[in-house]
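Single-structure report; data block below.
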Amino acid sequence: MRAIVVSATGGPEVLTYTDHPDPELNPGDVLVDIAAAGVNFIDVYQRMGRYPLSLPFVPGNEGAGTVAAVGEDVRDFSVGDTVAWAGVMGSYAERTVVPASRLLSVPDGVTADLAAAVMLQGMTAHYLTHSTYEVKPGDDVLVHAAAGGMGLLLTQIAKLRGARVIGTVSTEEKEKLARQAGADEVLRYSGFSEAVRELTGSGVHVVYDGVGAATFDGGIASLRPRGMMALYGQASGPVAPVDPQTLNQHGSLFLTRPTLAHYVAARDELVWRASDVFGWVASGQLQVHISRRYPLAEAAQAHEDLEARRTTGKILLIP
Ligand SMILES: NC(=O)c1ccc[n+]([C@@H]2O[C@H](COP(=O)([O-])OP(=O)(O)OC[C@H]3O[C@@H](n4cnc5c(N)ncnc54)[C@H](OP(=O)(O)O)[C@@H]3O)[C@@H](O)[C@H]2O)c1
């Protein structure tokens, strides 16, 4: 099959489009013909070596497609089913194997493209708004990079839960998208914590920060007493070590650095989050903004665009 292979970590140029052996189907696994792979920032961190993996590897943590074969002991999936996954490596390829325990059926009304686009970020937005900090009606919520893949979903889901959403973005085009997704207020990054204070008085209940280094301190300064900083990513770089006393000084704050794997480790939790997300997509309550589809061979260009802040919403690779 054709796949992207990383043999040495580095810039986007290390994403090599090449022939690669077909994956081996073991008991409990499902072989999938991939229709689309989602591109995520974690793919960038893994490609750079910031999140180390043993080399060589086929990148890509998310995708959807059609079941081509099932291994021994697999009861819940059959050849021809449309399925999707998140948090399983090897998605930048024509085929992959996914353990049945990590695989989800895609319901009618959700295309494979949409499923690939919403699995990882949709479930992340779900746990951040339902479990990390349970957003309640009337809450003030700050969403950084509100026009990004995560940002557009977080904004919509926080609105579904009745919050007032304040978003940050870098451009006018991104502001428009964030407003279309339901953001009540949209700010630029410069001076955002002062603007948040003006809008809210005492600050926001929760900050969802996937930007990291550039926004962390301003986010801490935007929280109300006992508010929560949910630092879930670092698109601008890692956050420097934090003195716990900072949390006291800013009002007995909570700081967490969550990741999806710990919120979908149990099968019933995985199924709960995926069913909610697919249900919202099928009913039209959650719009998935796929801004661009790249041929798999152009994975390097997709990474370049994501890192250079040129993308909005979700980008996909099509094998
Ligand atoms: N912890 C988890 O479970 C989890 C799961 C999924 C994703 N994430 C994290 O969520 C974050 C967003 O991921 P995504 O895939 O949805 O990406 P994305 O938000 O579509 O793209 C990143 C956005 O971050 C903003 N940004 C600000 N400063 C930046 C900089 N110096 N370099 C690059 N981007 C910058 C840009 O928006 P503006 O131009 O508007 O600033 C950019 O478009 C990432 O940090 C990712 O690791 C975490």
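One-based numbering, in listed order, for ligands and for the atoms of each.
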Distance to 0.1 Å, residue and atom name: give those for the protein heavy atom nearest to [atom].
atom: atom 43 (O) of ligand 1; value: Lys174 NZ, 3.3 Å
atom: atom 22 (C) of ligand 1; value: Phe41 CE1, 3.5 Å
atom: atom 6 (C) of ligand 1; value: Leu120 CD2, 3.5 Å
atom: atom 23 (C) of ligand 1; value: Ala145 CB, 3.9 Å
atom: atom 12 (C) of ligand 1; value: Met150 CG, 4.0 Å
atom: atom 34 (N) of ligand 1; value: Arg309 CG, 3.4 Å
atom: atom 15 (O) of ligand 1; value: Gln121 NE2, 3.0 Å
atom: atom 2 (C) of ligand 1; value: Tyr127 OH, 3.4 Å

Work out which heavy atom in [X] is nearest to a heavy atom in [Y]; give both atom names and the distance.
X: Ala115; Y: Val106; value: CB-CG2, 3.8 Å
X: His20; Y: Ala3; value: CB-CB, 3.9 Å
X: Ile34; Y: Ser91; value: CD1-O, 3.4 Å

Contact partition for [X] relative to ligand 1, non-hydrogen atoms under 4.0 Å:
X: Tyr263; result: neither
X: Thr168; result: neither
X: His144; result: neither

>> Any atom of ligand 1 sitting under 4.0 Å from a heavy atom of Pro258?
In response: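 Yes.
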Any nitrogen or oxygen of [X], main chain or side chain, under 3.5 Å from a nitrogen or oxygen of ligand 1?
X: Val211; answer: no
X: Val39; answer: no
X: Gly210; answer: yes
X: Leu260; answer: yes
X: Asn40; answer: no
X: Gly233; answer: no

For ligand 1, which atoms, with element, lie under 4.0 Å from some heavy atom of [X]?
X: Tyr189; value: 38 (P), 40 (O), 41 (O)
X: Glu307; value: 32 (N), 33 (C)
X: Gln234; value: 45 (O)
X: Gly149; value: 16 (O), 18 (P), 19 (O), 20 (O)

>> One thing to verify: whether Asp184 and Arg179 come together as a salt bridge, which I'm taking to mean a side-chain N less than 4.0 angstrom from a carboxylate O.
In response: no
Could you give the side-chain donor-acceptor pairs of residues 69-81 under 3.5 Å, partners two or more places apart or in another chain?
unit_1: Asp81; atom_1: OD2; unit_2: Ser78; atom_2: N; d: 2.9

Is it true that a side-chain atom of [X] and a backbone atom of [Y] form a donor plus acceptor pair closer than 3.5 Å?
X: Ser193; Y: Gly219; result: no
X: Asp209; Y: Val211; result: yes
X: Arg224; Y: Thr200; result: no

>> Going by the closest heavy atom to atom 1 (N) of ligand 1, which one wins out of Tyr45, Tyr51, Tyr232?
In response: Tyr232
> Between His126 and Tyr263, does the ring centroid distance fall short of 6.0 Å?
Replying inline: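 Not under 6.0 Å, so no.
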>> Just verifying a value: how many Å separate Glu134 CD and Asp139 CG, rounded to the nearest 0.5 Å?
In response: 10.0 Å
>> Over 60° means perpendicular and under 30° means parallel, so tell me whether Trp280 and His130 are parallel, tilted or perpendicular.
In response: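 Trp280 and His130: tilted rings.
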> With Arg2, which residues qualify under salt bridge (charged side-chain N to carboxylate O under 4.0 Å, His left out), at least two apart?
Replying inline: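 So Arg2 forms a salt bridge (charged side-chain N to carboxylate O under 4.0 Å, His left out) with Asp19.
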>> Quick check with a 6.0 Å cut-off and a 45 degree axis cone: is Arg47 positioned over the face of Tyr45's six-membered ring?
In response: no
> Between Thr171 and Glu173, does a side chain to side chain donor-acceptor pair (under 3.5 Å) hold up when you go through it step by step?
Replying inline: CA-CA 5 Å; Thr171 67; Glu173 183 211 349; 4.7 Å; no
